[in-house]
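Below you'll find the structure, written out as structure tokens, and then a few comments.
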Amino acid sequence: MSNVLAAIILSMQYNEPILFYGFIGIVAFAVAITYTYRKDAGLITTFLVFGGLSYIGLLNPYTLIIAVASIVVLVLFFVGPSQIIRKINNIRNWFYLYRLTHRKKE
């Protein structure tokens, strides 16, 4: 455990658990407040907070799942799910038209 921030947070968790859970609650509340400002700012903040917690080794599997989910939702927020669905439908229609034009004539 060479990370100083991890040592501070883990010592706070073991010595003063009420203070630790209060700290985590305040961080979670601050992240929730950013969602009221803008959704993309909230997603970026969620990724940064949980990515940082994952980096220092705190709650590793859970924070990685949340960080990955927030970055996927952020990408979908900017790209838009309708554009992805449209591209999938275009590929499906292209295959359909290709099959129609290259049928064996009997």
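What you are looking at is a predicted structure, and each value in this text was computed from that prediction instead of being measured. Position 1 is the first residue of the sequence, and the numbers go up from there.
- Residues forming a ring-ring contact (aromatic ring centres under 6.0 Å, His included) with Tyr98 (at least two apart in sequence, or on another chain): Trp94, His102.
- Of all heavy-atom pairs between Met12 and Phe20, the closest is O-CB, 3.8 Å.
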Return a table of donor-acceptor pairs under 3.5 angstrom between the side chains of residues 43-50 and protein atoms on other chains or two or more places apart.
{"from": "Thr45", "atom 1": "OG1", "to": "Ala41", "atom 2": "O", "distance (Å)": "2.7"}
{"from": "Thr46", "atom 1": "OG1", "to": "Tyr35", "atom 2": "OH", "distance (Å)": "2.9"}
{"from": "Thr46", "atom 1": "OG1", "to": "Gly42", "atom 2": "O", "distance (Å)": "2.7"}

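- Dense packing is recorded around CG of Leu97, with more than 12 heavy atoms of other residues, nucleotides or ligands lying under 6.0 Å away.
- At a threshold of 4.5 Å between non-hydrogen side-chain atoms, the residues Asn90 and Arg86 count as touching.
- Results of the side chain to side chain contact (heavy atoms under 4.5 Å, CB included) test with Phe29 over Val31, Ile33, Val27 single out Ile33 as the only residue that passes.
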